[in-house]
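Just below is one structure, and these are the notes that go with it.
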Amino acid sequence: MAREAAELFVWLAGQARAEPTPFRVALSGGSTPRTMYARLVEPSLARQVKWQEVEFYFGDERCVPPDHPESNYCSANVSLFQPLKIDPKNIHRMVGEAPDPDQAARDYEAVLRRQFGAAAPVWPRFDFILLGMGEDGHTASLFPGTPALDERERLVVANHSPRGIRDRITFTAPLINAARVVLFLVCGENKAPTARAVLEGGGQDPRRYPAQLIRPTQGRLLWFLDQAAASELAVARQQVVSNEE
Ligand code: 6PG
C-alpha cells in the first residue's frame, strides 16, 4: 500500500510538470504517512521527482512547537524533508506553536491564498491531498461532532481533538474537496470497522464519521487500504473469494 501511494505521488508529480504552477501537496499527520515517505525517499523513486517544483503544505497540525514529537511538521521533516533535502522555501507549515490557534488558522489561510493566487471566494486547488483516518472516522483534525465540520466559508480553522493534543489547526472539508486528487491512506485491523462504516455503512452520517465529508467536487477520491483495514469491506471479501476460485 505504501509503495503504491509513493508511486502515485511520483506519477502525479510527473503529470504536474506540464503545468506552469508547482505541484502543491498537503500532507496528513499521524503515523501511516511515514510508511509512504519511507518508500518515497528511496533513490529509485526520489530521483524521478523534481523536488524543487514541489510545494509542501499540511492538512492539519497539532498546537505544539515544530520540534515536538507530536508535531505533524516534525514527523514529515525527519522522515521526508531532511532525507530529500527539500528547500525550506518550499515547505509551508502551520504555526502550531502560535498562542492563538484561530489567528494561526487565519494566517495560514492567508498563506494559501497568496501562494495559490486565489483571492476569496476562489478555493485554492491542491494537486494532491494525503489524508489518514482515525478509528473514530476523523480525518485531518475534523473530529466527530466538532464545529469545524460545519465550516463552509473558511479554508482553515482551529478545532479541538477529544484525545491527545487537544488544540488543532485544520483544513476545512470544502478546501479538501476542491483538490484535484485526495488520497486516504488507511492501514491496520483497528480501522476495519470504521472503514466499513464510512465506505459501506449504507447511510451518510458525516457528523459521526467526518471522513464522509470528503467528496471532491471536481477531483478524484482514492482510498488505499491494506488488507487488514479492508478486511470488513464487502468489496474486499468479493475480491478475496474471486482470487481463491
Ligand atoms: C493527525 C492526522 C490524523 C491522522 C489520523 C490517522 O494530525 O493526527 O492528520 O487525521 O491522519 O488520526 O492517524 P494514523 O495514521 O496514525 O492512524
Side-chain angles (χ1 to χ4, degrees), residues 1-13 23-49 51 54-88 90-97 126-143 161 163-165 168-171 176 179 181-192 194-195 198 210-211 214 222-231:
M1 179 196 72
R3 179 175 47 76
E4 293 283 337
E7 288 175 355
L8 173 66
F9 182 104
V10 170
W11 186 79
L12 289 170
F23 179 57
R24 297 182 180 116
V25 176
L27 302 178
S28 116
S31 57
T32 305
R34 288 197 289 267
T35 60
M36 170 185 162
Y37 300 161
R39 298 302 183 115
L40 208 44
V41 303
E42 288 173 1
S44 59
L45 281 183
R47 66 165 166 253
Q48 297 181 48
V49 180
W51 294 104
V54 180
E55 283 184 357
F56 289 98
Y57 299 80
F58 288 83
D60 72 319
E61 186 56 279
R62 293 84 180 272
C63 292
V64 294
D67 58 354
H68 189 286
E70 286 288 309
S71 158
N72 293 336
Y73 164 79
C74 182
S75 175
N77 191 36
V78 168
S79 50
L80 190 65
F81 303 151
Q82 288 178 346
L84 291 173
K85 298 182 176 50
I86 300 295
D87 185 334
N90 285 9
I91 302 168
H92 303 276
R93 71 178 184 90
M94 293 173 165
V95 184
E97 69 274 26
F126 278 89
D127 295 297
F128 182 72
I129 295 184
L130 177 64
L131 295 176
M133 185 189 71
E135 289 183 48
D136 61 356
H138 84 261
T139 190
S141 284
L142 300 169
F143 291 93
S161 167
R163 66 191 70 80
I165 305 291
R168 305 289 187 100
I169 300 167
T170 185
F171 279 8
I176 296 170
V181 176
V182 179
L183 171 63
F184 274 95
L185 208 50
V186 182
C187 69
E189 195 157 1
N190 61 314
K191 306 284 178 73
T194 310
V198 167
I214 308 309
L222 303 170
W223 284 77
F224 284 13
L225 301 97
D226 68 354
Q227 279 195 335
S231 57

*W223 side chain to V186 main-chain N or O, any donor-acceptor pair under 3.5 Å?*
no

*asked:* Can you tell me how far apart OG1 (T32) and CG (L131) are? Round to the nearest 0.5 Å.
replied: 11.5 Å

*So do the side chains of F143 and R163 get within less than 4.5 Å of each other, counting heavy atoms only?*
yes

*Can you measure from CZ (F171) to CD1 (I129) and round to the nearest 0.5 angstrom?*
5.5 Å

*Could you state the interatomic distance from CD (E4) to CG (L222), rounded to the nearest 0.5 Å?*
11.5 Å

_From E70, H68, E97, residue fulfilling side-chain hydrogen bond (donor to acceptor under 3.5 Å, both in side chains) relative to R62_ = E70

*When the ring planes of Y57 and H92 are compared, do they come out parallel, tilted or perpendicular, using 30° and 60° as the limits?*
parallel

*Is there side-chain contact between L80 and V41, with at least one heavy-atom pair below 4.5 Å?*
yes

*Do side-chain atoms of R168 reach the backbone of S141 as a donor and acceptor pair under 3.5 angstrom?*
no

*From CA spacing to verdict: side-chain contact (heavy atoms from CB on, under 4.5 Å), N77, D67*: CA-CA 9 Å; N77 191 36; D67 58 354; over 6 Å; no

*Between the main-chain N or O of D60 and the side-chain N or O of N72, is there a donor-acceptor pair closer than 3.5 Å?*
yes

_Shortest non-hydrogen separation from L225 to M1 and the atoms involved_ = C-SD, 3.8 Å

_CG-OG1 distance between D226 and T35, expressed to the nearest 0.5 angstrom_ = 9.0 Å

*Over all heavy atoms of both residues, which pair between C74 and P66 is shortest? Give the atoms and the distance, please.*
CB-O, 3.1 Å

*Shortest non-hydrogen contact from A228 to A192?*
O-CB, 3.5 Å

*Should we count CD of E42 as having more than 12 external heavy atoms under 6.0 Å?*
yes

*Hey, what's the ring geometry for F9 with F128, parallel, tilted or perpendicular (30° and 60° as the breaks)?*
perpendicular

*Over all atoms of both residues, closest heavy-atom pair of A5 and L183*: CB-CD2, 4.0 Å

*Heavy-atom side-chain contact between L142 and I176 under 4.5 Å*: yes

*Is there a donor-acceptor pair closer than 3.5 Å between any side-chain N or O of D127 and the backbone N or O of V25?*
no

*Return yes if some donor-acceptor pair links the side-chain N/O of T194 with the main-chain N/O of E135 below 3.5 Å, else return no.*
yes

*Looking only at heavy atoms, which two atoms of P65 and S71 are closest? And how far apart?*
O-CB, 3.4 Å

*So, E61 side chain and R93 main chain: donor-acceptor pair closer than 3.5 Å or not?*
no

*Measure the spacing between NZ of K191 and OG of S231 and express it to the nearest 0.5 Å.*
12.5 Å

*Before giving the answer on side-chain contact (heavy atoms from CB on, under 4.5 Å), spell out for F58 and I169 the whole-Å C-alpha distance, their side-chain angles and the decisive distance to 0.1 Å.*
CA-CA 10 Å; F58 288 83; I169 300 167; over 6 Å; no

_Measuring only between side-chain heavy atoms, which start at C-beta, is V198 closer than 4.5 Å to F184?_
no

_Would you compute the distance between atom CZ of F56 and atom CZ of F23 and round it to the nearest 0.5 angstrom?_
8.5 Å

*Where is the tightest heavy-atom contact between A179 and V182, given as atom of each residue plus distance?*
CB-CG2, 3.8 Å

